[in-house]
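Naming convention: chains lettered A, B, ... in sequence-line order (proteins, then strands); numbering from 1 in each chain.
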Amino acid sequence: MKIATWNVNSLTVRLQQVVAWLNSNPVDVLCLQELKQTDEMFPKEVFQKLGYHAWWRGQKTYNGVAIISRLPGDEVVGELPHLEDPQRRFLAVTVQGVRVVCLYIPNGGELDSDKYAYKKQWLAALFQWLEGEYGRYPRLVVTGDYNIAPAALDVHKPAMWEATPIFSPEMQESFRQMLAMGFGDCFRTLHPQEVQYTWWDYRLGGFSRNQGLRIDHILASPAMLSGLASCVIDKIPRGWDRPSDHAPVVATFE
DNA sequence: ATGGCTCGTGTAACGAGA
């Protein structure tokens, strides 16, 4: 099973790129973040024609997540329990016994902001929910835009980013907490030393200078990790015209 | 030293992103 995640920064703008990418990368499951469109706008017919089922949680202007899958799915959950959250950032679906989770973890603004407090509150609710899922679903894959760089290797300028909610020591610890739960970071597991990013700033020629961050992740439970055959960050769409600032990440499980 | 781009909204700038 091939599972991918991609923050598209507006599905309205990026739809043709998503279709083009799927045509050359026919993954089984694709998790999308930052749809930036209402539920009525979601192009379900486009994905149906490509042979995909789809589930989505949208809202006006910001956020929004979707999961599309070749095989049917069930046990759909569209919000985190115990968190009153008007922002659409969470979606989970079970496909062929694999529990797939699509996350758009809050950015966090500045360290002293309400947005950072919200990010921490959101993560606490996520961890609480994941503890339950972990026991319930041996085959569990948690994908998405984490807005957390796990280690210095994943950050172009670690000292600068340490002063932000993307790479603060506290957020590095949060990521380690997820690994301590038993999850493996698919990319880092297969490529312990490689410097590869999933996001590059639109400004400053971030992509051409390869100044970026690795903040989009696929985490897998031990039962899934034992079958992990590859994990690739696909930089090609980042070089297209009007690209998303994020690259897709693809994990293949045997 | 600052902001440098790309979104949506709505039709001008502005907030948000990371």
Side-chain angles (χ1 to χ4, degrees), chain A residues 5-18 21 31-43 56-66 85-90 102-123 126 143-175 187 195-217 233 235 237-249:
Chain A
T5 180
W6 193 6
N7 179 325
V8 291
N9 184 19
S10 171
L11 184 58
T12 310
V13 172
R14 229 66 66 192
L15 180 59
Q16 291 319 308
Q17 293 194 19
V18 173
W21 187 82
C31 299
L32 299 169
Q33 302 88 34
E34 281 208 85
L35 308 183
K36 294 188 171 179
Q37 62 184 192
T38 55
D39 282 338
E40 300 75 48
M41 296 168 71
F42 186 84
W56 60 95
R57 291 282 285 164
Q59 67 180 97
K60 196 178 176 183
T61 312
Y62 301 118
N63 311 309
V65 288
D85 188 9
Q87 303 189 23
R88 305 302 194 210
R89 299 175 171 277
F90 175 87
C102 177
L103 305 176
Y104 177 41
I105 294 177
N107 170 301
E110 306 292 326
L111 286 179
D112 60 356
S113 69
D114 290 346
K115 288 179 183 175
Y116 190 40
Y118 165 63
K119 184 177 194 173
K120 288 186 275 191
Q121 188 188 12
W122 204 94
L123 283 169
L126 173 68
T143 79
D145 177 357
Y146 280 64
N147 270 316
I148 299 173
L153 205 58
D154 304 309
V155 184
H156 175 249
K157 283 179 181 162
M160 184 185 95
W161 285 95
E162 226 169 67
T164 77
I166 302 297
F167 189 54
S168 60
E170 204 172 9
M171 285 298 115
Q172 295 177 50
E173 179 55 32
S174 285
F175 196 88
F187 180 82
V195 175
Q196 279 196 46
Y197 304 131
T198 65
W199 173 89
W200 301 262
D201 203 313
Y202 284 124
R203 301 165 292 183
L204 289 164
F207 183 61
S208 53
R209 303 203 280 183
N210 196 30
Q211 298 183 351
L213 305 168
R214 192 175 71 90
I215 52 176
D216 300 85
H217 308 296
I233 298 167
K235 288 169 74 170
R238 188 61 177 80
W240 291 344
D241 281 341
R242 287 188 85 183
S244 166
D245 41 0
H246 295 254
V249 183

Quiz item: Do Q37(A) and S10(A) have side chains that get closer than 4.5 Å, going by heavy atoms?
Solution: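 No. Closest side-chain heavy atoms not under 4.5 Å.
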Self-check item: Close side-chain approach of M41(A) and L35(A), heavy atoms under 4.5 Å
Solution: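 Of all side-chain heavy-atom pairs linking L35(A) with M41(A), none is under 4.5 Å.
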Touch class at under 4.0 angstrom, heavy-atom based, for [X] against every strand present:
{"X": "N7(A)", "value": "sugar-phosphate"}
{"X": "N63(A)", "value": "nothing"}
{"X": "H156(A)", "value": "nothing"}
{"X": "L213(A)", "value": "sugar-phosphate"}
{"X": "Y104(A)", "value": "sugar-phosphate"}
{"X": "E34(A)", "value": "sugar-phosphate"}

For the pair made of [atom1] in [X] and [atom2] in [N], what is the distance, rounded to whole Å?
{"X": "D241(A)", "N": "dC5(B)", "atom1": "CG", "atom2": "C1'", "answer": "15 Å"}
{"X": "W199(A)", "N": "dC5(B)", "atom1": "CH2", "atom2": "P", "answer": "14 Å"}
{"X": "Q33(A)", "N": "dC7(B)", "atom1": "CD", "atom2": "C1'", "answer": "16 Å"}
{"X": "W200(A)", "N": "dG17(B)", "atom1": "CH2", "atom2": "C1'", "answer": "16 Å"}
{"X": "Y202(A)", "N": "dT6(B)", "atom1": "OH", "atom2": "C1'", "answer": "5 Å"}
{"X": "W240(A)", "N": "dT6(B)", "atom1": "CH2", "atom2": "C1'", "answer": "18 Å"}
{"X": "F167(A)", "N": "dG17(B)", "atom1": "CZ", "atom2": "C1'", "answer": "20 Å"}
{"X": "Q211(A)", "N": "dG4(B)", "atom1": "CD", "atom2": "P", "answer": "17 Å"}

What's the gap between [N] and [M] when it is taken at their [atom1] atoms, as a whole Å value?
{"N": "dG4(B)", "M": "dG15(B)", "atom1": "P", "answer": "13 Å"}
{"N": "dC7(B)", "M": "dA12(B)", "atom1": "C1'", "answer": "16 Å"}
{"N": "dA13(B)", "M": "dT2(B)", "atom1": "P", "answer": "24 Å"}
{"N": "dG3(B)", "M": "dC14(B)", "atom1": "P", "answer": "13 Å"}

Can a donor-acceptor pair be found, under 3.5 Å and without considering hydrogens, that links the side chain of [X] to the backbone of [Y]?
{"X": "R89(A)", "Y": "N63(A)", "answer": "no"}
{"X": "Y197(A)", "Y": "N210(A)", "answer": "no"}
{"X": "T5(A)", "Y": "V249(A)", "answer": "no"}

Practice problem: Check the pair H156(A) / R209(A) against side chain to side chain contact (heavy atoms under 4.5 Å, CB included), numbers first and verdict last. | Solution: CA-CA 10 Å; H156(A) 175 249; R209(A) 303 203 280 183; over 6 Å; no
Self-check item: dT6(B) phosphate, OP1 or OP2, under 4.0 Å from R14(A) side-chain N/O
Solution: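 No, outside the criterion.
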Quiz item: Given that R209(A) and R89(A) both sit by DNA chain B, which one's nearest nucleotide is further toward the 5' end?
Solution: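 Looking at the nearest nucleotide for each, R209(A) comes out on the 5' side.
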Practice problem: Return yes when atom CD of E173(A) has more than 12 non-hydrogen atoms of other residues, nucleotides or ligands closer than 6.0 Å, and no otherwise. | Solution: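 Counting other residues, nucleotides and ligands, CD of E173(A) exceeds 12 neighbours.
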What protein N or O atoms touch nucleotides 8-16 of chain B N or O atoms at under 3.5 angstrom, if any, and at what distances?
| residue | atom | partner | partner atom | Å |
| --- | --- | --- | --- | --- |
| dG8(B) | OP1 | S10(A) | OG | 2.7 |

Quiz item: Between F207(A) and W200(A), how do the two ring planes meet: parallel, tilted or perpendicular, split at 30° and 60°?
Solution: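 If you compare the ring of F207(A) with that of W200(A), the planes turn out perpendicular.
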